Amino acid sequence: MITIAHTQLWVHDQDVALEFYTKKLGMEVRADVTVAEMGDFRWLVVGPAGQPDTAIVLMAIPGPPVMDAKTTEQVKDLMGKGFAGTVFLGTDDCHASFKELSARGVEFVEEPEPRPYGIDSSFRDPSGNHIRLTQAYAAS
């Protein structure tokens, strides 16, 4: 059986991302390891409490030799426009989660609206990544 264990988002600053995902979204730290042998590469993983099989790797945008300078700038540009990655978060009550996260300082770009698949809203993380918050309708 294959499962999805991690998804990955590029972030401008891992410390800023860590604070956002833990303090504003309420996620927990699953791993925070720095590997000196890999140029101080930091493996930073967060995930929702009570869901140990689901996690997001908050990955610093690499430079050479992994990514050339031009590509790094292209990734940063796409992130700033919200097109470098999207994470879909689920909720049982999109309106209540919208209010709760707004009170914690999350700035939404779309308020909860009914869609064909559920009630949906969206916000961006500090790096510009697009995050959708969705209350899915029950399957019929």
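Reckoned from all heavy atoms, side chains included, excluding hydrogens, waters and symmetry mates. Quick caveat: nothing in here was measured; it's all calculated off a predicted structure.
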- Task: For Glu73, check salt bridge (charged side-chain N to carboxylate O under 4.0 Å, His left out) against everything at least two apart and list the hits.
- Result: Lys76

- What one should report as the nearest heavy-atom pair of Pro116 and Tyr137 is O-CD1, 3.6 Å

- Task: Could you tell me which residues satisfy side-chain hydrogen bond (donor to acceptor under 3.5 Å, both in side chains) with Glu110, sequence neighbours excluded, listed by chain and number?
- Result: Arg115, Ser122, Arg132

- Message: I'd like to know if the side chain of Thr134 pairs up with that of Asp120 as donor and acceptor (distance under 3.5 Å, no hydrogens or angles considered).
- Response: yes

- Using modelled atom types only, decide if a donor and an acceptor are shared between the side chain of Thr54 and the backbone of Pro48 within a distance under 3.5 Å. no

- Is the backbone of Phe98 close enough, under 3.5 Å, to the side chain of Ser102 for a donor and an acceptor to pair up by distance? yes

- Query: Side-chain contact, heavy-atom cut-off 4.5 Å: His12 with Ile61?
  - Reply: yes

- Please check if the side chain of Arg124 supplies one atom and the backbone of Met79 the other of a donor-acceptor pair under 3.5 Å. no

- For the residue pair Phe123 and Phe20, does the interplanar ring angle fall in the parallel (under 30°), tilted (30 to 60°) or perpendicular (over 60°) class? tilted

- Correct closest heavy-atom pair for Thr71 and Asp68 would be N-OD1, 2.6 Å

- Is a donor on one side and an acceptor on the other found under 3.5 Å between the side chain of Gln14 and the backbone of Arg42? yes

- Not counting sequence neighbours, which residues clear side-chain hydrogen bond (donor to acceptor under 3.5 Å, both in side chains) with Gln74? List them please. none

- Nearest heavy-atom pair of Val75 and Met67: which atoms, and what distance? CG2-SD, 3.9 Å

